[in-house]
Amino acid sequence: MNDSDTNKNTFAVTTPLYYVNDLPHIGSAYTTMVADVVARFERMRGKSVLLITGTDEHGQKIQRTAEAAGRSPQEHCDRIAAGFEALWQKLNIQYDRFSRTTSPRHEAIVKQFFQKVWDSGDIYLGQQKGWYCVSCEEFKEERDLLEQHRCPLHPNREVEWRDEQNYFFRLSKYQSQLETLYQNQPNFIQPETRRNEVLNFVSLGLQDFSISRVNLDWGFPIPVDPSHTIYVWFDALLAYITALLDPDSEPTLENALSKWWPINLHLIGKDILRFHAVYWPAMLMSAGLPLPGGVFGHGFLTKNGQKMSKTLGNTIDPIELSDRYGADAIRYYFLKEIEFGQDGDFNETRFVNIVNADLANDLGNLLNRTLGMVKRYCKGHVPNCSAEDIPTDHPLKAIGLTLGSRVAQAYESLAFGEAAIAIFTLIRASNKLIDEQAPWALYKQGQQQAVEQVLYSVLESVRLSAYLLSPIIPNISSEIYQQLGFSTNFNDQTQINDSASFTMNTAWGALPADQTLGEPKPVFVRLELS
RNA sequence: GGUUCUGUAGCUCAGAGGUAGAGCGUCCGUCUCAUAAGCGGGUAGUCGUGGGUUCGAGCCCCACCAGAACUACCA
């Protein structure tokens with residue numbers, strides 16, 4: 001993320017606009033969960049946040065898929081887009097904009113943006129020449145072909161020589177500007193390994209790329225030549241800008257860019273890195289616009305160590321998964337257990353083990369056992385002791401005092417696993433403290449004050465942990481807060497969206513003495529392997 | 001072929017040149033406040049292989065082996 005963003009109080013983050021070729025897969029769900037966690041964290045610390053997601057709906061593939069299903073392209077897109085929105089509900093994603101490339105407002109933005117690039121002289125009519133595989137619908141490089149000009153994927157067919165007119169974008173012109181960008185803003189592309197790929201790619205020399213297609217209807221016409229259709233990518237990237245429009249404002253570039261631009265962070269899968277890290281900034285340079293804060297290309301997911309594919313039949317259905325296990329468990333596993341940036345594996349046994357160990361055994365049970373004791377030994381109220389009475393070297397306070405800033409730092413650098421690990425250090429220390437201090441024994445010995453100090457410090461540690469985990473597991477955190485006697489609901493943006501509340505809640509000792517506690521009830525029921 | 005990344009306990013991963021770490025799993029012990037949860041302890045690693053630099057190397061250099069990504073218009 002960009003350092004210069006810290007003095008702005010807005011934060012815009014995007015997921016890819018998912019291609020509506022099919023219903024959402026687990027990879028899309030993963031990116032979107034991450035985006036939601038980032039958005040929730042930034043909201044919590046008081047920023048105005050815009051979480052943008054949506055669907056990319058143009059292109060030949062869509063047209064064909066729709067035809068094959070006996071529907072019009074728009075009908076098809078509507079159905080799939082609805083499927084995405086339904087999944088985001090299940091996963092408790094709080095998106096602010098759902099941007100669809102087929103919307104009329106988008107067309108207006110595309111036209112205006114095209115005009116800017118056109119005025120810069122960066123679009124020209126050229127010849128797209130090359131070997132074309134009809135089965136792939138794709139131009140092939142000579143060196144990739146087999147003998148007798150046969151496509152490696154369709155060796156029984158010869159490729160055809162095509163020579164058609166296309167509009168091109170002058171990408172080559174931006175080579176050195178892009179290289180300067182990568183140099184001056186090392187975080188523009190993350191993680192490091194993705195950055196290296198792009199640097200290598202760009203250093204080989206950039207060629208102009210075509211931004212129009214002929215013989216294709218499903219898309220917007222090129223404004224200066226309606227016989228051509230705008231290439232899907234050129235149109236899709238611009239939908240990030242369209243998404244910035246307020247719902248009731250005129251669809252002009254000026255309006256779209258007025259509040260939220262530049263976008264702080266684009267979260268993407270590694271498969272679409274080049275479009276975001278090379279084409280997109282070049283397009284923006286051509287249009288004379290400021291550039292986004294950065295692009296993060298995460299890895300792919302495997303299942304039991306194997307690539308997922310429809311033909312292998314080993315895909316994970318995110319809808320079924322969330323129906324079976326619930327949003328928080330899934331969010332926790334993907335955020336905590338998968339190193340963000342690297343490829344990650346989903347293994348159901350491992351998933352159940354981790355989630356049970358952390359959320360049920362360590363965290364949930366900690367709250368439950370403590371509330372039980374408070375009920376018995378302190379009449380169901382937060383013990384009447386203030387945090388100042390607890391020494392700074394107290395095992396929980398010592399961790400709690402710096403936890404907030406360490407976790408915030410981790411979230412900021414998108415190191416979600418690190419954030420969770422830090423929080424669980426406090427949770428485990430709390431379980432340990434209870435065993436060491438044995439409040440039940442202290443109580444029998446009549447050491448009421450000692451009992452209260454132990455229980456207060458544990459409840460406060462649970463509170464702090466729940467607060468810091470709330471971007472990842474908002475439902476569980478809300479439940480914990482309610483059992484601690486607060487009315488906080490972390491899904492309600494109006495309750496948590498200010499920086500004063502962030503400062504207060506991340507401080508150790510925010511739990512008010514004497515607060516009436518709720519009824520102890522498991523906040524996370526252990527999962528069974530089905 | 002070229003470029004880059006990865007290879008550390010059964011699993012997932014941390015590891016600033018100076019006596020190998022965490023979580024999960026597994027085994028043993030143990031408290032009783034609790035969601036058959038908690039806590040303690042044990043278990044397990046030729047740190048991919050072979051060289052080199054260094055008083056000393058998972059950590060630096062070279063080679064090799066294995067896996068992965070990128071190498072332009074598929075979203």
Side-chain angles (χ1 to χ4, degrees), chain A residues 16-21 55-62 101 128 130 136-141 143-144 166 168-169 171 191-211 213 231-237 268-275 278-279 297 299-300 305 336-339 342-345 347 349-350 352-377 417-418 420-421 424-425 428 430-441 443 451 454-455 458 520-526:
Chain A
L17 303 182
Y18 302 108
Y19 205 56
V20 291
N21 200 38
T55 42
D56 174 12
E57 308 185 349
H58 285 136
Q60 194 153 44
K61 212 185 244 178
I62 300 301
T101 59
Q128 173 74 276
C136 293
E137 289 287 5
E138 194 176 308
F139 284 95
K140 299 284 176 182
E141 292 291 318
R143 62 167 186 271
D144 292 332
N166 277 172
F168 281 76
F169 171 68
L171 181 65
E192 189 78 25
T193 125
R194 300 271 96 82
R195 178 170 188 266
N196 291 340
E197 282 177 17
V198 173
L199 291 181
N200 182 240
F201 172 78
V202 173
S203 72
L204 295 173
L206 293 174
Q207 295 171 24
D208 300 344
F209 70 99
S210 75
I211 57 165
R213 294 287 185 274
Y231 173 50
V232 268
W233 263 115
F234 194 84
D235 143 18
L237 288 162
I268 58 167
K270 64 186 183 185
D271 51 330
I272 53 176
L273 181 65
R274 185 187 308 146
F275 296 98
V278 182
Y279 293 14
F300 283 162
K336 148 84 191 332
E337 205 54 20
I338 288 169
E339 178 75 13
Q342 297 177 20
D343 286 356
D345 189 51
N347 174 287
T349 304
R350 184 174 168 67
V352 169
N353 281 342
I354 294 283
V355 157
N356 280 347
D358 288 0
L359 301 182
N361 299 353
D362 286 354
L363 174 59
N365 184 51
L366 173 63
L367 174 67
N368 199 241
R369 67 193 297 210
T370 310
L371 285 179
M373 288 186 277
V374 172
K375 205 172 171 183
R376 202 175 296 193
Y377 309 141
E418 206 178 285
I421 285 168
F424 273 84
T425 307
R428 296 200 182 92
S430 299
N431 274 316
K432 183 170 180 167
L433 184 80
I434 292 176
D435 278 63
E436 285 173 351
Q437 296 295 313
W440 49 91
Y443 181 74
V451 170
V454 172
L455 296 183
V458 172
K521 191 176 77 190
V523 293
F524 182 80
V525 178
R526 290 170 61 82

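Here the structure is a predicted model, which means the values were calculated and not measured. Chain A is the first sequence line, chain B the second, and so forth, proteins listed ahead of strands; every chain is numbered from 1.
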What's touching nucleotides 35-42 of chain B from the protein side, N or O pairs under 3.5 Å?
| unit_1 | atom_1 | unit_2 | atom_2 | d |
| --- | --- | --- | --- | --- |
| B/U35 | N3 | A/Phe524 | O | 2.7 |
| B/U35 | O4 | A/Val523 | N | 3.3 |
| B/U35 | O4 | A/Phe524 | N | 3.3 |
| B/U35 | O4 | A/Phe524 | O | 3.3 |
| B/A37 | OP1 | A/Arg526 | NH2 | 3.4 |
| B/A37 | O2' | A/Asn361 | O | 3.2 |
| B/A37 | O2' | A/Asn365 | ND2 | 2.7 |
| B/G38 | O2' | A/Arg369 | NH1 | 2.9 |
| B/G38 | O2' | A/Asp435 | OD1 | 2.9 |
| B/G38 | N2 | A/Asp435 | OD2 | 2.8 |
| B/G38 | N3 | A/Asp435 | OD2 | 3.1 |
| B/C39 | O4' | A/Asp435 | OD2 | 3.1 |
| B/G40 | OP1 | A/Lys432 | NZ | 2.9 |

Hunt down the Watson-Crick or G-U wobble partner of B/G1, both distances under 3.5 Å, from any strand shown, or write none.
-> B/U71
Give the minimum heavy-atom separation between A/Gln207 and A/Leu171, together with the two atoms involved.
-> O-CD2, 3.5 Å
Rounded to the nearest angstrom, tell me the gap between atom CD in A/Glu418 and atom P in B/A22.
-> 18 Å
Of A/Phe234, A/Phe209, A/Tyr231, the one forming a ring pair (Phe, Tyr, Trp, His ring centres under 6.0 Å) with A/Tyr279 is A/Phe209
On RNA chain B, check which nucleotide each of A/Lys336 and A/Tyr19 is closest to and give me the residue with the more 5' one.
-> A/Lys336
Check the distance between B/C73's P and A/Gln207's CD and give it to me in whole angstrom.
-> 9 Å
Interatomic distance, A/Leu455 CG vs B/A34 P [rounded to whole Å] | 13 Å
Go through B/C73, B/A69, B/C31 for me and flag the one nearest to the A/Glu197 side chain.
-> B/A69
Can you tell me how far P of B/C74 sits from CZ of A/Phe275, to the nearest Å?
-> 7 Å
For B/C59 and B/U35, measure between their C1' atoms and round to the nearest Å.
-> 43 Å
Syn or anti for B/G41, with syn set at within 90° of 0?
-> anti
Could you please name the partner base of B/U53, counting Watson-Crick and G-U wobble pairs only when both distances are under 3.5 Å?
-> none
Is A/Gln342 touching bases, backbone alone, or none of the nucleic acid, heavy atoms closer than 4.0 Å?
-> sugar-phosphate
Hey, is A/Phe209 doing a stacking thing with B/C73, by the 5.5 Å centroid and 30° angle criteria?
-> no
Gap between atom CG of A/Leu371 and atom NZ of A/Lys521 - 0.5 Å precision = 12.0 Å
Considering only atom C1', compute the distance from B/C61 to B/C28 and round it to an integer number of Å.
-> 46 Å
Are A/Val20 and A/Lys61 close enough that some pair of their side-chain heavy atoms sits under 4.5 Å apart?
-> no
Flag the pair A/Val451 / A/Trp440 as yes when at least one side-chain heavy-atom distance between them is below 4.5 Å, and no otherwise.
-> no
Rounded C1' spacing from B/G40 to B/G52 in Å | 45 Å
Can you check the A/Glu337 CD to B/C11 C1' distance for me, whole Å?
-> 10 Å
Hey, what are the protein-to-nucleotides 1-3 of chain B N/O distances that come in under 3.5 Å?
| unit_1 | atom_1 | unit_2 | atom_2 | d |
| --- | --- | --- | --- | --- |
| B/U3 | O2' | A/Asn200 | ND2 | 3.4 |

Just by modelled atom types, is the A/Val232 backbone N or O under 3.5 Å from a matching donor or acceptor in the A/Asp56 side chain?
-> no
Have a look at A/Gly297 and say if it touches a base, only the backbone sugar-phosphate, or nothing, with a 4.0 Å heavy-atom cut-off.
-> nothing
Between atom CG in A/Asp343 and atom C1' in B/C11, what is the gap in whole Å?
-> 17 Å
Heavy-atom nearest pair, A/Glu57 first then A/Thr101, reads N-OG1, 2.7 Å
How close or far is atom C1' of B/U6 from atom CZ of A/Arg194, stated in whole angstroms?
-> 12 Å
Give the nucleotide from the list B/A72, B/A34, B/C73 with an atom nearest to the side chain of A/Arg376.
-> B/A34
How long is the gap from CZ on A/Phe169 to CG on A/Asp208, to the nearest 0.5 Å?
-> 8.5 Å
Look at the side chain of A/Thr370 and the base of B/C33, then say whether one donor and one acceptor between them are separated by less than 3.5 Å.
-> no
Considering non-hydrogen atoms only, spot the tightest contact between A/Pro16 and A/Gly269 and give its length.
-> CG-N, 4.5 Å
A/Ile434 and A/Leu366, any side-chain heavy atoms less than 4.5 Å apart = yes
How far, in whole Å, is B/C60 from B/A22 if one measures between their C1' atoms?
-> 26 Å
For nucleotides B/C62 and B/C27, find the distance between their P atoms and express it as a whole number of Å.
-> 46 Å
Hunt down the Watson-Crick or G-U wobble partner of B/G7, both distances under 3.5 Å, from any strand shown, or write none.
-> B/C65
Spacing of the P atoms in B/A37 and B/U49 (rounded, Å) | 38 Å
Separation of the P atoms in B/G25 and B/C5, to the nearest angstrom = 35 Å
B/G45 versus B/U3 - spacing of their P atoms, nearest Å | 38 Å
Look at the side chain of A/Tyr19 and the backbone N and O of A/His58, then say whether any donor-acceptor pair between them is shorter than 3.5 Å.
-> yes
Separation of atom CZ in A/Phe234 from atom P in B/C74, rounded to whole Å | 17 Å
Could you let me know what B/C39 is paired to, Watson-Crick or G-U wobble, both distances under 3.5 Å, or none if it's on its own?
-> B/G29
Nearest 0.5 Å, what's the CG-CG distance between A/Asn365 and A/Asn431?
-> 7.0 Å
Checking all strands, does A/Leu206 fall into the base, sugar-phosphate, or nothing category for heavy-atom contacts under 4.0 angstrom?
-> base
Using purine N1 to pyrimidine N3 plus N6-O4 or O6-N4 for Watson-Crick, or N1-O2 and O6-N3 for G-U wobble, each under 3.5 Å, what pairs with B/A20?
-> none
Would you mind telling me which of B/A14, B/C73, B/A69 lies closest to the side-chain atoms of A/Glu339?
-> B/A14
Just name whichever nucleotide pairs with B/C59, Watson-Crick or G-U, keeping both distances under 3.5 Å, else none.
-> none
